[in-house]
Amino acid sequence: MSECTHDCSSCKENCSERKESFLKKPHELSDIKRVIGVVSGKGGVGKSMVTAMSAVIFNRRGYKTAIMDADVTGPSIPRMFGVKERAQGSETGLLPVKSKTGIEIMSVNLLLENESDPVVWRGPVIGGVVQQFWTDVIWNDVDYMFVDMPPGTGDVPLTVFQSIPVDGIIVVASPQELVSMIVEKAVKMANMMHVPVLGVVENMSYVECPDCKKKIYLYGESNTEKICKDFSLPLLAQIPVDTALAKQSDRGLIELFEGDYLEDAATAIETLMKNLPVKEK
Ligand code: ADP
């Protein structure tokens, strides 16, 4: 980082002292109360799964819920919900597609001609698309929006954080990763953006023996609990590898999942959110 000149207008560094705001206004017809970002250190650890399950639980609890799929190069939310129709738009704005249980979804896969088309855009274009998901989509009446963030803590997630007023973030990690490094990076990024980390979800923590129900820790006993303590963060949940869950999500039936892995986490998040001042959107 270069030496601080205290002139934010000519500086591109993102430091905690930065006064200039990059936050964008949502579409004038949108009404979004809470935005929760779901982040991970890399792809494939279950970030989209946690985003989808969280949205399903909040929807079941009676909240009007939405998912913004900001994982533009690996968009898997529409597939998990079995949503195939294209998003419709007019001059006024773009409308999210509703899932079977009424969750509003916007994803680049709902805009592509062919959902299997690869998205090979560079970082700034991806950042621009996500910004438009915020500014040009009419999110009608949303109590909780979950944002499936681009993986990592690089340029693209940072742009998203800078443009969307996220109220809190959930960190998803799996035990075979360097969890302490991922949590540390996520905490630093969140601090830069003045966004609280709500807690950590450890995914694919263990496998349960179908006969004796013993938990088998494939990577040895997890140290995520200790890491969470070190960072004073709640360990929101430990989700096992669950083949039934994977099958349901692959078939587009995530809304039918019955596991209670994230119920306590959802209650903790609900409480945290009730106690946090509502940010202007
Ligand atoms: P990410 O969003 O981090 O890239 P995904 O949520 O898309 O990861 O998950 C990657 C793959 O792992 C998907 O096929 C998903 O169905 C599967 N998966 C995620 N979590 C679990 C789990 N707890 N049990 C079984 N399969 C899982």
Side-chain angles (χ1 to χ4, degrees), residues 36-57 67-83 99 103 105-110 115-116 118-120 126 130 133 145-154 156-157 160-161 166 169-179 181-183 185-186 189 197 199-210 213 215-219 222 224 235-266:
I36 295 175
V38 185
V39 307
S40 67
K42 60 174 185 181
V45 298
K47 174 176 53 60
S48 306
M49 181 72 96
V50 170
T51 308
M53 281 164 62
S54 305
V56 170
I57 293 174
I67 301 180
M68 183 201 283
D69 187 359
D71 191 353
V72 173
T73 54
S76 43
I77 294 293
R79 181 177 46 86
M80 288 180 168
F81 285 84
V83 169
S99 76
I103 298 173
I105 297 173
M106 180 50 76
S107 167
V108 81
N109 257 11
L110 304 176
E115 66 165 24
S116 56
V119 175
V120 287
I126 297 172
V130 177
F133 283 175
M145 172 186 281
F146 291 88
V147 183
D148 189 2
M149 296 291 270
T153 44
V156 181
V160 176
F161 268 117
V166 176
I169 68 170
I170 301 170
V171 182
V172 182
S174 66
Q176 82 273 30
E177 300 177 277
L178 277 172
V179 178
M181 194 176 75
I182 287 153
V183 173
K185 282 190 180 195
M189 182 164 80
V197 177
V200 178
V201 172
E202 188 186 69
N203 190 30
M204 309 193 202
S205 297
Y206 58 90
V207 181
E208 194 177 80
C209 170
K213 305 287 170 206
K215 291 178 180 177
I216 302 159
Y217 293 89
L218 295 171
Y219 301 95
S222 144
T224 305
L235 174 56
L236 292 168
Q238 288 181 298
I239 306 176
V241 175
D242 179 339
T243 46
L245 181 63
K247 242 186 227 161
Q248 258 171 343
S249 100
D250 283 349
R251 289 188 187 145
L253 300 172
I254 192 70
E255 286 160 295
L256 298 181
F257 89 88
E258 280 170 2
D260 60 357
Y261 308 127
L262 282 179
E263 288 294 340
D264 291 347

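First listed ligand is number 1; within each ligand, the first listed atom is number 1. Bear in mind that the values here come from a model prediction, so they are computed numbers and not experimental data.
Considering backbone and side-chain N/O of Thr243, none are found under 3.5 Å from N/O of ligand 1. Remark: ligand 1 and Val45 share an N or O pair separated by less than 3.5 Å (distance only, no angle test). For ligand 1, the polar-atom distance check against Met49 finds a nitrogen or oxygen pair separated by under 3.5 Å. At least one N or O atom of Asp242, backbone or side chain, sits closer than 3.5 Å to an N or O atom of ligand 1.
There is a protein heavy atom less than 4.0 angstrom from atom 22 (C) of ligand 1. Within a 4.0 Å radius of atom 11 (C) of ligand 1, the protein contributes no heavy atom.
Contact detail for Met53 and Ile239: the closest heavy-atom pair is CE-CD1, 4.4 Å. Here the closest non-hydrogen pair linking Pro151 and Gly43 is CB-N, 3.7 Å. Here the closest non-hydrogen pair linking Phe133 and Ser107 is CZ-C, 3.7 Å. Pairing each heavy atom of Ile77 with each of Ser48, the nearest pair is CD1-O, 3.8 Å. Across all their heavy atoms, Ala266 and Ile57 have their closest contact at CB-CG2, 3.7 Å. Residues Ile216 and Cys209 come closest through the heavy atom pair CD1-CB, 4.3 Å.
Of all atoms in ligand 1, listed by their number and element, those nearer than 4.0 Å to a heavy atom of Ala246 are 25 (C), 26 (N). Taking every heavy atom of Met204 and a limit of under 4.0 angstrom, the matching atoms of ligand 1 come to 12 (O), 18 (N), 19 (C), 20 (N). Atoms of ligand 1 lying under 4.0 Å from at least one heavy atom of Lys47, given by number and element, are 1 (P), 2 (O), 3 (O), 6 (O), 8 (O). Counting the atoms of ligand 1 from 1 in the order shown, those under 4.0 Å from a heavy atom of Ile239 are 23 (N). Taking every heavy atom of Val241 and a limit of under 4.0 angstrom, the matching atoms of ligand 1 come to 24 (N). Close approach to Ser249 involves these atoms of ligand 1, each under 4.0 Å from a residue heavy atom: 16 (O).
In terms of modelled atom types and a separation under 3.5 Å, the side chain of Asp260 and the main chain of Glu263 share no donor-acceptor contact.
Between Leu253 and Lys247, the closest side-chain pair of non-hydrogen atoms is not below 4.5 Å. At a threshold of 4.5 Å between non-hydrogen side-chain atoms, the residues Ile169 and Phe161 count as touching. Side chains of Asn203 and Val45 form no contact here, defined as non-hydrogen atoms less than 4.5 Å apart.
Inspection of the Ser205 and Ser222 side chains reveals no N or O donor paired with an N or O acceptor under 3.5 Å. For the residue pair Glu255 / Ser99, a side-chain donor-acceptor distance below 3.5 Å is found, with atom types taken as modelled.
With a heavy-atom cut-off of 4.0 Å, Asn203 touches ligand 1 through its side chain alone. With a 4.0 Å cut-off on non-hydrogen atoms, Ser48 touches ligand 1 through its backbone as well as its side chain.
Counting only heavy atoms of the protein, atom 7 (O) of ligand 1 lies nearest to Ser76 OG, 3.7 Å. The protein heavy-atom contact nearest to atom 14 (O) of ligand 1 is Asp250 OD1, 4.2 Å.
Comparing heavy-atom distances from atom 8 (O) of ligand 1 across Ala173, Ser40, Gly46, Gly43 singles out Gly46 as nearest.
Using a non-hydrogen distance threshold of 4.0 Å, Gly44 registers as a contact of ligand 1. Put simply, part of Pro240 is less than 4.0 Å from ligand 1, judged by heavy atoms.
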